[in-house]
Colleague: 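Here it is: the structure, laid out below.
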Number of protein chains: 2
Amino acid sequence: MSEIACNLEDGGCYCLLSDVMDLLGRKYVMDLVCIVAIHERVRFGEIESHLPDASTSTLSTRLDELEAAGLLRREQYDEIPPRVEYELTEDGEELGQRLEPLLEWAEAFEAE
Amino acid sequence: MSEIACNLEDGGCYCLLSDVMDLLGRKYVMDLVCIVAIHERVRFGEIESHLPDASTSTLSTRLDELEAAGLLRREQYDEIPPRVEYELTEDGEELGQRLEPLLEWAEAFEAE
DNA sequence: CCGTATCCCAAATGATACTG
DNA sequence: CAGTATCATTTGGGATACGG
């Protein structure tokens, strides 16, 4: 991993050698990027409500991975009851923009 | 499945409800799209040589799925030894173009 | 409220051998 | 050459219960 994401020159394209693309392919990840992008700042509970099929643990793991990748920022407020908010980093927003044309295409394609 | 690919209006984004996005997330699929896009027409053996980590059976399955999705066209020549060539359909090429900005971003991001 | 820890299950991929 | 069939294995994800 951590190799070249997509080397078009040598006739190959090793997208999966890229950690990010690997992460993107995991369940709910693109959804999460979209959801956070739309809300700008959003709490865990609300994210969960938008993805009722995802289990708490899976969602938590995905959010951790996105944070570790530097695409998501997690802010915790020491209140009672506790509050946590997520937002995209600059890189995360850039990703969101690159993702959009693809998702639009997918939606249109599916509707055929 | 076969639902809306990415519904941005209601604050959700159910990318995974889309069969195509689901397919795209499978191993080697984005690579396959890239490889075929670059070669225009390419034989099974050459695809395999570009993805040495993928097993024959997995590659075969992925190619079938891409064909079933209407993104890839398979042409078989009744020669001996047999020859098969793959190429993208129009939809497949459209996908490839939508994929490109994302993969470029991934490559740059990984290089950080 | 926002998770983590644990255990379990299903899906996805790999390895290999064989065939038209 | 271009796969298919079969079997083994890994990996990912779900359910649930509990903790700060």
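So you know, we letter chains A, B, ... as the sequences are listed, proteins then strands, and number each from 1.
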Colleague: Just the table, please: protein N/O against nucleotides 8-12 of chain C N/O, every pair under 3.5 Å.
Modeller:
{"unit_1": "C:dA12", "atom_1": "OP1", "unit_2": "B:Arg26", "atom_2": "NH2", "d": "3.3"}

Colleague: Between A:Glu75 (CD) and C:dC1 (C1'), how many Å, whole number?
Modeller: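 Interatomic distance, CD of A:Glu75 to C1' of C:dC1: 17 Å.
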
Colleague: Tell me the interatomic distance from B:Leu63, atom CG, to D:dG3, atom C1', rounded to whole angstroms.
Modeller: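 Going from CG in B:Leu63 over to C1' in D:dG3 covers 10 Å.
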
Colleague: With respect to the phosphate group of C:dG3, does any side-chain polar atom (N or O) of A:Arg74 fall under 4.0 Å of OP1 or OP2?
Modeller: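 A:Arg74 to C:dG3 OP1/OP2: side-chain N or O found under 4.0 Å.
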
Colleague: If we only count heavy atoms from C-beta on, is the A:Arg26 to A:Val29 side-chain gap below 4.5 Å?
Modeller: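 SC-SC contact between A:Arg26 and A:Val29 confirmed.
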
Colleague: Can B:Arg73 and B:Glu87 be counted as an ion pair, charged N to O under 4.0 angstrom?
Modeller: yes

Colleague: Would you say A:Leu24 and A:Leu95 make side-chain contact, with heavy atoms under 4.5 Å?
Modeller: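 In contact.
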
Colleague: Would you say that B:Gln76 contacts B:Arg83 through its side chain, given a criterion of any heavy-atom pair below 4.5 Å between the two side chains?
Modeller: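 B:Gln76 vs B:Arg83: side chains apart.
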
Colleague: State, to the nearest 10°, the angle formed by the axis through the first five base pairs of the helix from C:dC1-D:dG20 to C:dG20-D:dC1 and the axis through its last five.
Modeller: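 Taking the rotation axis at each end, their angle is 60°.
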
Colleague: Could you run down the sub-3.5 Å N/O contacts of the protein with nucleotides 15-20 of chain C?
Modeller:
{"unit_1": "C:dA15", "atom_1": "N6", "unit_2": "B:Ser57", "atom_2": "OG", "d": "3.0"}

Colleague: Just by distance, do the side chain of B:Glu75 and the backbone of B:Tyr86 share a donor-acceptor pair under 3.5 Å?
Modeller: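 No; zero donor-acceptor contacts below 3.5 Å.
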
Colleague: If you find the nucleotide of DNA chain C closest to A:Ser60 and the one closest to A:Pro81, which residue's nucleotide is nearer the 5' end?
Modeller: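 Per heavy-atom nearest nucleotide, the more 5' residue is A:Pro81.
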
Colleague: Once you round it to whole Å, what is the distance between C1' of D:dT16 and CD of A:Glu48?
Modeller: 13 Å

Colleague: Please report the distance, rounded to the nearest Å, between CD in B:Glu46 and C1' in D:dC1.
Modeller: 14 Å

Colleague: List the residues meeting salt bridge (Lys or Arg N to Asp or Glu O under 4.0 Å) with B:Arg43, not counting sequence neighbours, and say none if there are none.
Modeller: none

Colleague: Could you check whether B:Asp78 gets within reach of a base, just the sugar-phosphate, or nothing at all, counting any heavy atom under 4.0 Å?
Modeller: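 Nothing, no heavy atom under 4.0 Å.
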
Colleague: Rounded to the Å, how far apart are B:Leu66 CG and D:dG3 P?
Modeller: 13 Å

Colleague: Output the rounded distance in Å from CD (A:Glu79) to P (C:dG3).
Modeller: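 Roughly 13 Å, once rounded to whole Å.
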
Colleague: Can you name the side-chain contact (heavy atoms from CB on, under 4.5 Å) partners of B:Ser55, sequence neighbours left out?
Modeller: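 Result, side-chain contact (heavy atoms from CB on, under 4.5 Å) vs B:Ser55: B:Ser57, B:Thr58.
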
Colleague: Could you tell me if B:Arg62 sits above the aromatic ring of B:Tyr28, with its cationic atom closer than 6.0 Å to the ring centre and no more than 45 degrees from the axis?
Modeller: no

Colleague: Give the C-alpha distance, both sets of side-chain angles, the deciding distance and a yes or no for side-chain contact (heavy atoms from CB on, under 4.5 Å) between B:Met21 and A:Leu102.
Modeller: CA-CA 9 Å; B:Met21 292 311 296; A:Leu102 180 62; 4.0 Å; yes

Colleague: Suppose we screen for ring pair (Phe, Tyr, Trp, His ring centres under 6.0 Å). Which residues come up paired with B:Phe109, at least two apart in sequence or across chains?
Modeller: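 B:Phe109: ring pair (Phe, Tyr, Trp, His ring centres under 6.0 Å) contacts with B:Trp105.
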
Colleague: Please answer whether the main-chain N or O of B:Gly70 pairs with a side-chain N or O of B:Thr89 as donor and acceptor at a distance below 3.5 Å.
Modeller: yes

Colleague: State whether B:Arg43 places a side-chain N or O below 4.0 Å from either non-bridging phosphate oxygen (OP1 or OP2) of D:dA2.
Modeller: yes

Colleague: Rounded to the nearest angstrom, tell me the gap between atom CG in B:Leu51 and atom P in D:dA2.
Modeller: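 In whole Å, D:dA2 P lies 15 Å from B:Leu51 CG.
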
Colleague: Rounded to whole angstrom units, what separation is found between the OH atom of B:Tyr86 and the P atom of D:dA2?
Modeller: 8 Å

Colleague: Could you go through the side chain to side chain donor-acceptor pair (under 3.5 Å) check for B:Glu48 and B:Thr56 one step at a time?
Modeller: CA-CA 7 Å; B:Glu48 211 168 13; B:Thr56 307; 2.9 Å; yes

